[in-house]
2 protein chains.
Amino acid sequence: MKLSTRGRYGIKAMLDLALNSQEGQVSLKSIAERQDISENYLEQLFAMLRKNGLVKSVRGAQGGYMLATSPDNITVGSVLRSLEGSLAPVECVSEDSTNVCDRANACVTRLVWKKIRDRVNEVVDSITLQDLVNEVKKMNEDNGYMYYI
Amino acid sequence: MKLSTRGRYGIKAMLDLALNSQEGQVSLKSIAERQDISENYLEQLFAMLRKNGLVKSVRGAQGGYMLATSPDNITVGSVLRSLEGSLAPVECVSEDSTNVCDRANACVTRLVWKKIRDRVNEVVDSITLQDLVNEVKKMNEDNGYMYYI
DNA sequence: TGAAATCTGAGTAAATTACTTGGAATTAGG
DNA sequence: CCTAATTCCAAGTAATTTACTCAGATTTCA
């Protein structure tokens, strides 16, 4: 039941963007350096985030990425699902799934998977990037230095 | 964030046991046939379940497995964790983890992973095998036939 | 014009998963 | 006592997924 690096890197990178793209776009290179993630790999993640409408890009020199909307409109859930696909613990309860077996409506274990799925979605959809930004600011005030990985 | 077949098969098999081991042990062969799971693979899963004290075994001819305690003492969570390890979405918030990075206590994203972990554990620990047995019985009464995969 | 960036598709090594295989040990029933 | 049925155990393996790298095309600022 682990997230892949896509989801983990994605949240880190989006939080980095939220903290750094207030005055315009931010290059992947700088995110990659700050967060210690391969720049080439980040490109792939941002391609997905862009297709899902979570970030906007500016091409060419001095180009980069910025959040597509304000941080309080972007949930952790939307980021994770963009990069990981459905957060359902089993295919047959994926929100979009066509992979439902023929006994699905008489399947007891499926009820369990649904409950897990719903709770996970509940948590991740209740947390916005703004919430994380606020946490970072609080930590920085308390400690006097920058930590937010 | 998917469960592996270990967790899925494990829940199916344990529910099968709960329904069939009232009058003594049940062979893996019969579980494997009913649930359409490889018998050899099930052996490995039951080795883990036994080590975690969830099932008891009887060796030799006519031997088999039975639940180690009553179904209402066995949670879905304990079965899943026996087979999958910690259900934490990220290593650094595993309950047993020694893999905590040095910035852990100033890490904002870690708070997110913890919340996910706690909610997942909350759901799976709130469901017992007895709950699933009851669901099966209800379905059978309603429909008149046996379905519980 | 050149450097810095995004964009795109393909390739790949390592790890993980989902098994299979082979055989030893145990025990009920004939 | 023998045999078949079973658990137990350790290794091996094919397929899949992950986490990247690489190469190059395209765009745009200075």
With the side chain counted from C-beta on, respond yes when [X] and [Y] share a heavy-atom pair under 4.5 Å apart, and no when they do not.
| X | Y | result |
| --- | --- | --- |
| B/R8 | B/T5 | yes |
| B/L129 | B/M14 | yes |
| A/V90 | A/R117 | no |

Check: protein-nucleotides 27-29 of chain D nitrogen or oxygen pairs below 3.5 Å:
{"unit_1": "D/dT28", "atom_1": "O2", "unit_2": "A/A61", "atom_2": "N", "d": "3.2"}
{"unit_1": "D/dC29", "atom_1": "O4'", "unit_2": "A/A61", "atom_2": "O", "d": "3.4"}

Can you list every ring pair (Phe, Tyr, Trp, His ring centres under 6.0 Å) pair that touches residues 57-95 of chain A, not counting sequence neighbours? A/F46-A/Y65
Need to verify one output field. Residue with the more 5' nearest nucleotide on DNA chain D, B/V26 or A/T5?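 The residue whose closest nucleotide sits nearer the 5' end is B/V26.
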Distance in angstrom units between [X] [atom1] and [N] [atom2], rounded:
| X | N | atom1 | atom2 | answer |
| --- | --- | --- | --- | --- |
| B/K56 | D/dT7 | NZ | P | 16 Å |
| A/I37 | D/dT18 | CD1 | P | 17 Å |
| B/D36 | C/dC19 | CG | P | 10 Å |
| A/Q25 | C/dT6 | CD | C1' | 11 Å |
| A/L28 | C/dA4 | CG | C1' | 12 Å |
| A/E84 | D/dA19 | CD | C1' | 12 Å |
| B/M1 | D/dT17 | CE | P | 18 Å |
| B/M66 | D/dT6 | CE | C1' | 16 Å |

Given D/dC8, C/dC19, C/dC7, which nucleotide is nearest the side-chain atoms of B/Y65?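 Of the options given, the side chain of B/Y65 lies nearest D/dC8.
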Taking the side chain of B/S57 as heavy atoms from C-beta outward, which of C/dC7, D/dC8, D/dA19 is closest to it?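 Nearest listed nucleotide: D/dC8.
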Salt bridge between A/R81 and A/D125, side-chain N to carboxylate O under 4.0 Å?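 Salt bridge present between A/R81 and A/D125.
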Report yes if at least one side-chain N or O of A/Y9 is closer than 4.0 Å to OP1 or OP2 of D/dC20; otherwise report no.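 Yes, within the criterion.
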May I ask you to verify if any side-chain N or O of B/S27 is less than 4.0 angstrom from the OP1 or OP2 atom of D/dA5?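 No.
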Which of residues 38-54 of chain A sit near DNA chain C, with a heavy atom under 4.0 Å from it? A/E43, A/Q44, A/R50
May I have the step-by-step check of side-chain hydrogen bond (donor to acceptor under 3.5 Å, both in side chains) for B/E95 and B/N121, ending in yes or no? CA-CA 11 Å; B/E95 293 82 355; B/N121 280 330; 2.7 Å; yes
Tell me, yes or no, whether the heavy-atom count around [X] atom [atom1], taken from other residues, nucleotides or ligands under 6.0 Å, exceeds 12.
| X | atom1 | value |
| --- | --- | --- |
| B/K114 | NZ | no |
| B/D36 | CG | no |
| B/K115 | NZ | no |

